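Here the structure is laid out as structure tokens; the discussion comes afterwards.
Bear in mind that the values here come from a model prediction, so they are computed numbers and not experimental data. Below, read A as the first sequence line, B as the second, and so on, with proteins coming before strands; counting in each chain starts at 1.
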Number of protein chains: 2
Amino acid sequence: MSGEETQPRRLTRAETKARTRALLLDAAAQVFARKGFAGASVDDIAEEAGFTTGALYTHFSSKEEVFVEVFASRSRHRLVEAADIVSDADQSPDETRSAMSRLVVDVADNDVDFALLQAEFWLYAIRRPEFQQHLAGQFRSNRDALTAVLAARAEKRGQGGDAPFEELSTVLLALFQGLVQLRRTDPDLVPESLYGKASHWLFTGLAARS
Amino acid sequence: MSGEETQPRRLTRAETKARTRALLLDAAAQVFARKGFAGASVDDIAEEAGFTTGALYTHFSSKEEVFVEVFASRSRHRLVEAADIVSDADQSPDETRSAMSRLVVDVADNDVDFALLQAEFWLYAIRRPEFQQHLAGQFRSNRDALTAVLAARAEKRGQGGDAPFEELSTVLLALFQGLVQLRRTDPDLVPESLYGKASHWLFTGLAARS
DNA sequence: GTCTATAAGACGATAGAC
DNA sequence: GTCTATCGTCTTATAGAC
């Protein structure tokens with residue numbers, strides 16, 4: 001036991017700095033989720049990470065900067081996951097639908113901070129025009145990614161080549177957010193299979209369009 | 001011009017008290033929407049209403065109480081409106097759908113505080129178990145009202161008597177919230193007719209279910 | 001790079017004059 | 001019923017010791 005089981009050698013200065021920064025960002029995400037942007041103090045964040053405010057201010061210049069960095073580090077993860085689920089063309093439509101439903105349940109029930117942070121980011125963005133544009137761009141790229149996946153999948157099956165996949169993507173995205181928020185408020189409101197069922201209805205109805 | 005054109009007589013003490021309270025609540029709604037619950041100060045609210053903090057504290061015992069009262073006074077309005085639209089059985093399905101779409105656009109584009117306050121209420125509730133139950137109950141009653149309306153309308157047309165209207169209501173509610181948030185972030189993301197289109201797909205797909 | 005100590009101000013809420 | 005004045009606390013951010 002030389003104390004080196006987990007780390008092959010001492011961390012360089014740059015590495016410890018990056019590690020502290022990451023610890024602070026993780027702590028900040030938790031605290032922002034628990035208390036909100038305005039309700040969280042810099043002291044709360046530093047203490048949660050095991051440091052002091054003085055240490056935090058060597059890594060970030062303000063509370064706002066911490067928040068924006070948390071946002072940047074937490075984006076993309078979950079919705080890339082969603083696109084992966086839909087893009088897995090090996091599974092049957094039934095499997096895809098149940099995977100979609102499972103994602104809603106998993107996010108709402110297990111990723112306790114997700115919906116909270118999402119709401120905090122949204123409010124922060126709506127109140128700051130510059131940041132709002134940033135968030136809009138992100139939504140747009142999520143929608144575009146989903147649109148491409150839907151179109152590819154439809155083409156593979158040789159059907160619905162001219163369907164309004166972009167509008168459908170927007171609906172699926174909005175419905176995901178809405179259902180996660182609802183289930184987070186009360187799990188009984190959103191049955192485990194609902195997201196998959198709803199998308200089934202959407203696809204069927206869209207295919208039968210006049 | 002005796003200065004009595006608008007008011008037939010002087011307000012009683014109780015009436016001025018109620019009026020001040022209402023002014024404070026309106027101002028509070030605006031300020032909470034603009035700055036959030038934690039970001040808004042009691043001074044901001046009182047000043048917006050044209051009073052001082054001392055006056056505010058004769059009507060409310062704390063900032064929390066003001067917030068809860070704002071929530072109570074602002075609930076129900078918009079979603080009752082939604083139920084009215086769907087329950088108007090005189091109009092054709094096409095008219096109903098376009099009215100639904102218009103509601104999303106109207107709320108997102110014109111009722112500037114609606115989505116902000118909704119998000120603030122949700123965050124406040126999720127962080128306070130007692131209030132969370134209250135919000136869940138409200139969601140449930142909105143869903144039930146919509147479910148009843150959908151079932152009544154379907155019965156009138158003599159179709160889909162055994163359809164899962166409760167699940168459909170939940171989906172329509174979640175989608176409404178999601179689309180309003182999305183359109184508030186960037187109007188270009190949500191075409192004016194999208195909510196109606198999506199519900200058309202949902203109804204058609206549901207009717208064709210196996 | 002992280003600490004302690006502190007500056008300068010904003011905050012929620014109360015007391016007493018009018 | 002509303003005002004002014006004020007208390008004590010908590011806030012963000014900085015300066016200097018280690």
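- Side-chain atoms of B:H59 lie closest to D:dT2 of the nucleotides D:dG1, C:dT2, D:dT2.
- Residue contacts shown for A:A40 are limited to sugar-phosphate atoms, with no base heavy atom under 4.0 Å away.
- Applying a 4.0 Å cut-off to non-hydrogen atoms, the residues of residues 20-39 of chain B that approach DNA chain D are B:T20, listed by residue number.
- Note: CZ (B:F67) to P (C:dG12) measures 14 Å, nearest angstrom.
- Rounded to a whole Å, the CG atom of B:D44 is 10 Å from the C1' atom of C:dA10.
- Remark: P of C:dT6 and CG of A:D43 are 16 Å apart, rounded to the nearest angstrom.
- B:F60 has its CZ atom 16 Å from the C1' atom of C:dG12, to the nearest Å.
- Legend: ring pair (Phe, Tyr, Trp, His ring centres under 6.0 Å) pairs involving residues 94-119 of chain A, not counting sequence neighbours: none detected.
- Considering only residues two or more places apart in sequence or on other chains, A:A154 meets the side-chain contact (heavy atoms from CB on, under 4.5 Å) condition with A:F165.
- Judged purely by atom type and a 3.5 angstrom limit, A:Q91 uses its side chain to pair as donor or acceptor with the backbone of A:I85.
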Under 3.5 Å, which donor-acceptor pairs do the side chains of residues 191-198 of chain B form with other protein atoms, sequence neighbours left out?
unit_1	atom_1	unit_2	atom_2	d
B:Y195	OH	B:L172	O	2.7
B:K197	NZ	A:E167	OE1	2.8
B:K197	NZ	A:E167	OE2	3.1

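- Contacts of A:D186 classified as side chain to side chain donor-acceptor pair (under 3.5 Å), with partners at least two apart in sequence or in another chain: B:R140.
- To the nearest angstrom, C1' of C:dA13 lies 13 Å from CD1 of B:I45.
- Checking D:dG1, D:dC3, C:dT2 against the side-chain heavy atoms of A:T58 singles out C:dT2 as nearest.
- The salt bridge (Lys or Arg N to Asp or Glu O under 4.0 Å) pairs that include a residue from residues 79-92 of chain A are A:R78-A:E81, where partners are two or more places apart or lie in different chains.
- Between the side chains of A:S101 and A:R97, not a single donor N or O lies within less than 3.5 Å of an accepting N or O.
- The side-chain contact (heavy atoms from CB on, under 4.5 Å) search around A:A152 returns none, not counting sequence neighbours.
- Here the C1' atom of nucleotide C:dG1 and the CG atom of A:L11 are 14 Å apart, to the nearest Å.
- The side chain to side chain donor-acceptor pair (under 3.5 Å) test applied to B:E69 returns B:R21, not counting sequence neighbours.
- Distance, A:L56 CG to C:dC3 P: 11 Å, rounded to whole Å.
- Residues forming a side-chain contact (heavy atoms from CB on, under 4.5 Å) with B:S169 (at least two apart in sequence, or on another chain): B:R143, B:L146, B:T147, B:L150.
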Base-contact (B) and sugar-phosphate-only (S) positions in nucleotides 13-18 of chain D, heavy-atom cut-off under 4.0 Å, - elsewhere: BB----
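- Closest to the A:K17 side chain, of the nucleotides C:dC3, D:dT2, C:dG1, is C:dG1.
- The aromatic rings of A:Y124 and A:F37 sit perpendicular, their planes meeting at an angle over 60°, well past the 30° parallel limit.
- Remark: B:T52 is in phosphate contact with D:dC3, judged by side-chain N or O atoms under 4.0 Å from OP1 or OP2.
- Taking the screw axis at each terminus of the helix from C:dG1-D:dC18 to C:dC18-D:dG1 from five consecutive base pairs, the angle between the two is 0° to within rounding of 10 degrees.
- Here salt bridge (Lys or Arg N to Asp or Glu O under 4.0 Å) pairs that include residues 49-66 of chain B, with residues two or more places apart or in two chains, are B:E64-B:R128.
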